[in-house]
Amino acid sequence: MRASHHRAAPHRRTALTALTAAALTLVTLTGCGGDGDGRAGAPTPATPSASADAATPTAAPVGDAGQQGTPSSSASSAPWAGSKQFVQIDGARTSGGRTYLSVRPAEKKAHDELEAWVIVPGEGPYTEVPMADDATVLLSVPLGDAKHPSSYSQAEFVSRLTAQPSPARALLGYDLSFDGEGRVTRLQSLYMS
């Protein structure tokens, strides 16, 4: 009986090694490295944004009796105020010194075989939302120049997004953070190899 117990130990070590590798892969995929890992502008993920149900906000807007992740009638002027959303962006424009984004909720799911994300497009109409004047814009490939997110101006983002053909835009996803007035305070594109 002891001999079978000792034979199981290498299998347990192998299983533990595999689980550790899987956990490290998830940390890499979700960008949970934190501020002290040497990557400038590394994302600080919100749990719902990184989950399979990414269209659900981390905090429902105050007084929102409607479905989470979609604007309610009482919050139509600031549909996702105070929340974080994973979205697709169909268009962007600047008017009167302010940047506006045409967005709709989407989902991101980990690819089964690759260290990559799969974008599950949302359905329904796009909603136009304003960006805060001091909003942070972090872009990675294909909109940015590198794999890791780097800071860009709102004008650079609008230019890079509108240079993409519409079918290509449908394949991109973004993590957005909204302030209490429904303005985007942080935009980060999802890395796509």
Side-chain angles (χ1 to χ4, degrees), residues 29-31 33-35 37-46 48-50 54-55 57-59 61 69-71 75-108 116-193:
L29 282 174
T30 60
D35 293 335
D37 67 356
R39 292 184 297 161
T44 306
S49 180
T58 57
T70 59
S76 61
S77 63
W80 296 292
S83 71
K84 293 183 181 184
Q85 295 287 317
F86 182 75
V87 302
Q88 294 174 281
I89 300 177
D90 185 52
R93 66 181 179 86
T94 303
S95 176
R98 181 164 309 273
T99 303
Y100 296 88
L101 309 174
S102 180
V103 305
R104 76 173 169 199
E107 291 183 45
K108 63 180 171 182
W117 292 106
V118 175
I119 308 300
V120 180
E123 296 181 5
Y126 285 86
T127 301
E128 188 169 78
V129 295
M131 292 188 76
D133 292 338
D134 60 349
T136 301
V137 177
L138 300 171
L139 302 178
S140 51
V141 170
L143 286 181
D145 296 325
K147 178 179 179 178
H148 297 290
S150 297
S151 185
Y152 290 83
S153 71
Q154 292 182 31
E156 287 176 298
F157 170 69
V158 171
S159 176
R160 288 171 181 252
L161 179 73
T162 56
Q164 297 287 319
S166 187
R169 290 183 216 163
L171 301 175
L172 304 176
Y174 306 85
D175 285 309
L176 300 184
S177 296
F178 292 86
D179 65 13
E181 297 177 20
R183 295 176 300 198
V184 175
T185 58
R186 187 174 189 275
L187 176 151
Q188 182 171 343
S189 67
L190 189 65
Y191 167 71
M192 303 292 287
S193 59

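Position 1 is the first residue of the sequence, and the numbers go up from there. Values reported hereafter were calculated over all heavy atoms of this structure, with side chains retained and with hydrogens, waters and symmetry mates removed.
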(request) Without swapping roles, check the side chain of Gln88 against the backbone of Gly122 for a donor-acceptor pair under 3.5 Å. (result) yes
(request) Could you tell me the separation between the OG atom of Ser150 and the CG atom of Leu143, rounded to the nearest 0.5 Å? (result) 12.5 Å
(request) Could you tell me whether the side chain of Leu187 reaches within less than 4.5 Å of the side chain of Gln154, counting heavy atoms only? (result) no
(request) Just grab all the side chain to side chain donor-acceptor pair (under 3.5 Å) pairs involving residues 135-145, residues at least two apart or on different chains. (result) Asp145-Tyr152, Asp145-Arg160
(message) For the backbone of Ile89 and the side chain of Arg169, can you confirm whether one donor and one acceptor N or O come within less than 3.5 Å of each other?
(response) no
(request) Kindly determine whether Ile119 and Leu172 satisfy side-chain contact (heavy atoms from CB on, under 4.5 Å), including the steps that lead there. (result) CA-CA 7 Å; Ile119 308 300; Leu172 304 176; over 6 Å; no
(message) Rounded to the nearest 0.5 Å, what separates atom CD in Gln85 from atom OH in Tyr174?
(response) 15.5 Å
(request) Report the C-alpha distance between Leu101 and Val87 in whole Å, list the side-chain angles of each, state the deciding distance to 0.1 Å, and finish with yes or no for side-chain contact (heavy atoms from CB on, under 4.5 Å). (result) CA-CA 11 Å; Leu101 309 174; Val87 302; over 6 Å; no
(message) One thing to verify: whether Asp90 and Arg104 come together as a salt bridge, which I'm taking to mean a side-chain N less than 4.0 angstrom from a carboxylate O.
(response) no
(message) Using a 3.5 Å distance criterion without hydrogens, assess whether the side chain of Gln164 forms a donor-acceptor pair with backbone atoms of Ala170.
(response) no
(request) Drop me the distance from Thr99's OG1 to Arg183's CZ, to the nearest 0.5 angstrom. (result) 12.5 Å
(request) Hey, could you give me the CD/CZ distance between Glu128 and Arg93, rounded to the nearest 0.5 Å? (result) 4.0 Å
(message) Gln188 and side chain to side chain contact (heavy atoms under 4.5 Å, CB included): which single residue from Leu138, Leu176, Val137, Leu139 fits?
(response) Leu138
